[in-house]
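Worksheet: the structure to be examined is printed underneath.
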Amino acid sequence: MNDKPLDEESILKVLNGYKSKDLKYEDGHILGSMCTSTHPLAKKVYMDFLDSNLGDPGLFEGTSTIENMVVQEIASFLSLDKGFGNIVTGGTEANLMAIRSAKNIAKKEKGIEKGEIIVPKSAHFSFKKAADMLEVKLVEADLNKEYRVDIESVKKNINKNTIAIVGIAGTTELGVIDPIEELSQIAVENNIYFHVDAAFGGFSIPFLKEIGYELPNFDFSNEGVSSITIDPHKMGIAPIPAGCIIYREKKFLDIIAIDSPYLTSKSQSTIVGTRLGAPVAATWAVMQEMGKEGYMELANNCLVNANFLYDALKKENFKPIIKPELNIVAFYHEKIDTNRLAELLKEDGWMVSISNYPKAIRIVLMPHIRHTHLVAFLRDLRKIKASLGF
Ligand SMILES: *Cc1c(COP(=O)(O)O)cnc(C)c1O
């Protein structure tokens, strides 16, 4: 550490040097991220609320009210009149809270000590973290040919220690939606906690349905759904860190509440203690400025881009894994190893990610990806094909 205080100008100069090494969403080369560039209004609001700490809500009653407003607004487009929950650091913390609730409620109501959770093989790795931290057994259910969770496999894995079933509305790798209605039915019949992970799909499925796309029902209108994870910092285009957990009943929040004696609130249910009010206020601002119509247009544009890419890739003899249900396209080419293709794309400046199951190049069509970026990307793919002689 420097002995003497440094002046602002030289501090910013150093930082800008590092920042210039970061990639920018606007350049259109970030093809594998589920986050996107921050809405201009969100930046302003974020700065305004930088001091607010939701870990001590008695001191920040205004921001705390905003948090509840955001939770209620999200609950309402997930078909729940009154929701209980928090804006948290992301889908990971939201999933962790949900599994904690499931574990504690199963212990209280059924006396289960060594719980098991059934997650689709396609589940986000945050459930592995949750299982490890909470010491519950992670049971992976198989997928069917469409890469949705196989209902029979879920049924087969239920036993007296099952504390939760998880379904995904928009898988991280392929963007597919599990059969939530059927999973809900199974959860009701077996009296098991049912969590829906809509971290990625939650801010687009409801709006795509409103436009007229035929997508399955994934929300609280299914009576078995106990909680939903939905990330404003993905398709909600809110700034990081903004995840959200919504519970159908207050008891699920209460069962994970811990006394917080030296703070202005009596208890805390979130994992994180001191936590930012800034992204919460910014999320509310973005949601107001977007409105339902804004999110409908956004989700539609991203899906149109996904379908354009899907069609174009097929014409070039690449093999898309599935026809996109949401704005993710995963593909491979029979004549080139997928890792090698990703490397070659990186040499041309394209930052793609690779899905594991099945192995494929994975492109997330976030709002910062424009049609022109895709045209340039396809041109480079053709160039790579030609250089390899096919
Ligand atoms: C992104 C994602 C998560 C994790 O969310 P973070 O905000 O990265 O913590 C969880 N589940 C799904 C389905 C996701 O796509």
Side-chain angles (χ1 to χ4, degrees), residues 25 30-36 38 70 74 78 85-100 102 117-134 138 140-141 143 147-149 164-180 183 194-206 215-216 218-219 225 227-246 270-272 275-276 279-280 282-283 299 302 306 324-330 353-357 362-367:
Y25 290 112
I30 302 179
L31 296 177
S33 172
M34 288 183 145
C35 291
T36 193
T38 310
V70 177
I74 294 177
L78 298 178
N86 290 100
I87 302 302
V88 294
T89 51
T92 300
E93 189 184 356
N95 287 340
L96 187 53
M97 282 175 73
I99 301 307
R100 228 184 120 216
I117 59 174
I118 303 172
V119 308
K121 199 177 162 187
S122 52
H124 186 264
F125 56 81
S126 48
F127 289 102
K128 290 189 176 152
K129 294 184 186 174
D132 183 36
M133 282 189 263
L134 300 170
L138 189 81
E140 287 189 311
L143 306 185
Y147 300 98
R148 298 178 215 285
V149 74
I165 295 170
V166 173
I168 310 166
T171 58
T172 310
E173 294 202 328
L174 299 176
V176 304
I177 303 165
D178 283 329
I180 303 299
L183 292 173
F194 178 35
H195 176 64
V196 175
D197 183 358
F200 180 65
F203 261 92
S204 54
I205 302 166
L215 292 169
F218 77 102
D219 65 15
V225 174
S227 53
I228 298 181
T229 286
I230 168 170
D231 273 1
H233 70 200
K234 290 180 178 169
M235 284 302 286
I237 61 168
I240 302 167
C244 177
I245 177 74
I246 304 224
T270 49
I271 311 287
V272 170
R275 56 194 183 94
L276 282 164
V280 174
T283 298
C302 293
E325 194 158 37
L326 296 178
N327 47 323
I328 298 180
V329 176
S353 62
I354 295 177
S355 68
N356 274 312
Y357 186 77
R362 165 183 172 268
I363 308 286
V364 190
L365 286 301
M366 292 303 286

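We count ligands from 1, going down the list as the structure has it; atoms in each ligand are counted the same way. Hydrogens, waters and symmetry mates play no part in the numbers below; they use all other heavy atoms, side chains included.
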Please give the N or O to N or O pairs under 3.5 Å between ligand 1 and the protein, distances rounded to 0.1 Å.
{"residue": "ligand 1", "atom": "5 (O)", "partner": "G91", "partner atom": "N", "Å": "3.2"}
{"residue": "ligand 1", "atom": "5 (O)", "partner": "D231", "partner atom": "OD2", "Å": "3.4"}
{"residue": "ligand 1", "atom": "5 (O)", "partner": "K234", "partner atom": "NZ", "Å": "3.4"}
{"residue": "ligand 1", "atom": "7 (O)", "partner": "G91", "partner atom": "N", "Å": "2.9"}
{"residue": "ligand 1", "atom": "7 (O)", "partner": "D231", "partner atom": "OD2", "Å": "2.9"}
{"residue": "ligand 1", "atom": "7 (O)", "partner": "H233", "partner atom": "NE2", "Å": "2.8"}
{"residue": "ligand 1", "atom": "9 (O)", "partner": "G91", "partner atom": "N", "Å": "3.3"}
{"residue": "ligand 1", "atom": "9 (O)", "partner": "T92", "partner atom": "N", "Å": "2.8"}
{"residue": "ligand 1", "atom": "9 (O)", "partner": "T92", "partner atom": "OG1", "Å": "2.6"}
{"residue": "ligand 1", "atom": "11 (N)", "partner": "D197", "partner atom": "OD1", "Å": "3.3"}
{"residue": "ligand 1", "atom": "11 (N)", "partner": "D197", "partner atom": "OD2", "Å": "2.6"}
{"residue": "ligand 1", "atom": "15 (O)", "partner": "T172", "partner atom": "OG1", "Å": "3.0"}
{"residue": "ligand 1", "atom": "15 (O)", "partner": "K234", "partner atom": "NZ", "Å": "3.0"}

Step-by-step side chain to side chain contact (heavy atoms under 4.5 Å, CB included) determination, L96 to L134: CA-CA 8 Å; L96 187 53; L134 300 170; 3.9 Å; yes
Side-chain (E93) to main-chain (I271) donor-acceptor, under 3.5 angstrom: yes
Where C244 and V88 come nearest, the two heavy atoms and their spacing: N-CG2, 4.1 Å
For G90 against D231, the heavy-atom pair lying closest together: C-OD1, 3.5 Å
Any donor-acceptor pair under 3.5 Å from E173 side chain to Y357 backbone: yes
Donor-acceptor contact below 3.5 Å, side chain E325 vs main chain I177: yes
